Amino acid sequence: MNLAETLLNWYDENHRELPWRQDQEPYKIWVSEVMLQQTRVEAVKPYYERWMKRFPTLHDLAQASAEEVLQYWQGLGYYSRARNLHQGVREVAERYGGQIPNDREKIITLSGVGEYTAGAILSIAYNKPEPAVDGNVLRVFSRLYCLENDITKPAARKQVTELVSGVMPDDRPGDFNQAVMDLGSAICTPKNPSCTQCPLDQYCLAYKQGRQRELPIRKRSAPPRVIQVAAAIVQAESRYLLCKRPAKGLLANMWEFPSIEIENKNDGPMELEGLLCRLGQQAFVEPVPVLELTHTFSHRQWQIVFYSCKQVRRQEIADSNHVKWLSPETWSSLSFAGPHRKMAAELEAQWHG
Ligand code: SF4
C-alpha cells in the first residue's frame with residue numbers, strides 16, 4: 001500500500017461528519033471553505049447551517065442584498081471574504097448561468113476564489129486531481145518530507161503543491177485533500193502531533209528523525225499595530241446615534257457608534273465632542289468609560305473605549321445614509337463593526353430587560 005492508499009483507508013474509518021460533506025454540491029463546498037478559512041470547524045457549523053437555511057442555493061445568495069449577507073456573516077470576521085463570496089456568486093449567476101465552472105482557468109477568475117478554494121471546489125465537488133493546500137496540508141507535508149522552507153512564503157506553498165500533486169490519486173482527489181486536512185486537525189496537530197497514532201508514521205521523515213515538533217518552519221510575523229479608538233454612546237429618547245463605515249477599507253459598510261482614532265487615550269472625550277460637532281450634534285461626553293474592549297484584526301489591534309454622553313440635543317442629519325438615529329428594536333437587521341457588536345448587545349440587553 002502506498003501513502004495515498006494508507007491515508008484514504010484511515011479517512012474511510014475516521015473522517016469527520018460535517019454538514020457540508022453531506023453532498024458534493026459546489027456552492028456548498030465554496031461557502032464552507034470560505035467560512036473555514038481562519039475559523040475552527042466547530043465554530044463554523046452553526047453559521048453554515050444558518051446560512052444554508054437563508055441562502056440554500058447560489059441564486060438565493062446572488063439575489064440577496066450586501067447588507068443581509070454581512071448580517072449572516074456577522075461573528076465570522078474577515079468581512080471582505082463575505083463580500084468577495086457574494087460578488088463571486090453573482091459573477092457565476094451572470095456569466096455561467098449559475099453553474100460554478102469546473103476548470104481551474106475559469107474558476108480562478110471569480111471574486112474570492114484563490115488557489116486553495118479553487119482546488120477544494122474542483123477536487124471535492126468535481127473530482128478533479130487538484131491540490132488544495134491550506135495550513136493543515138502545509139504542516140502535514142512539511143513534516144512528511146522534512147521541508148525546511150518557511151511556510152509563510154510562496155516558495156513553500158509551491159513545493160507542497162507539487163508534492164501533493166505527485167501523490168494524489170486520480171480516482172479520489174477530493175477525499176485525499178480532505179483526508180490530509182482531517183489528519184492535520186486530528187493527529188498531525190500544530191503543537192503535539194500524535195505520531196504513535198498516525199497512519200502515515202512509516203512514511204514520515206520528521207517522525208523518523210524526531211523533528212516533528214520543529215516543523216513546519218514559520219517565521220514570526222510582526223505584531224499587529226495598536227490603535228486607540230474612542231467611541232460615543234449618544235442616546236436621545238429611544239434612539240442612538242449610529243454611523244456607517246466607508247464603503248472601502250476595514251469593516252466596510254458596517255455600522256458603529258460614532259468613533260474616532262486617537263493618539264492619546266486621555267483625549268477620547270474631547271475628540272469625541274469634536275466628532276459629534278462635525279456630525280451636527282451636540283452632547284457632553286462623560287469622562288468615565290462605560291466599556292473597554294480589545295479587538296485584534298490580522299494587522300492591527302483596536303483598543304476601544306466607549307463613553308456615554310449627556311445633555312444630548314438631537315439635530316437633523318444632513319448625510320442620512322451614513323448617520324442615523326436608530327432604536328435598538330431595529331438593530332437586529334444591522335451589521336455592527338467588530339467590537340461595536342458587543343456594545344450594541346449590552347445596550348440591547350438593557351433595552352429589553
Ligand atoms: S508521523 Fe507525526 S509528524 Fe508525521 S505526519 Fe504523522 S502525526 Fe505528523
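Remember, it's 1-based here, ligands and their atoms both numbered in the order they're listed. In this text, all values refer to a predicted model and were calculated from it rather than measured experimentally.
The protein atom (non-hydrogen) at minimum distance from atom 8 (Fe) of ligand 1 is Cys188 SG, 2.4 Å. Among all non-hydrogen protein atoms, the one lying nearest atom 2 (Fe) of ligand 1 is Cys195 SG, 2.3 Å.
Atom-to-atom distance recorded for Glu67:CD and Met254:CE is 8.5 Å, nearest 0.5 angstrom. Atoms SG and CG, on Cys146 and Leu215 in that order, are 5.5 Å from each other to the nearest 0.5 Å.
Contact record, Phe257 with Ala344: CE1-N, 3.8 Å, taken as the closest heavy-atom pair.
Using a 4.5 Å heavy-atom cutoff, the side chains of Arg172 and Tyr11 are in contact.
When each atom of ligand 1 is checked for a heavy atom of Gln212 under 4.0 Å away, the hits are 3 (S). Close contacts of ligand 1 with Arg143, meaning ligand atoms under 4.0 Å from a residue heavy atom, involve 3 (S).
Atom 4 (Fe) of ligand 1 has an N, O or S atom of Cys204 inside 2.8 Å of it. Among the atoms of Cys198, an N, O or S atom falls under 2.8 Å of atom 6 (Fe) of ligand 1.
Heavy-atom contacts from other residues, nucleotides or ligands closer than 6.0 Å to NZ of Lys208 number more than 12.
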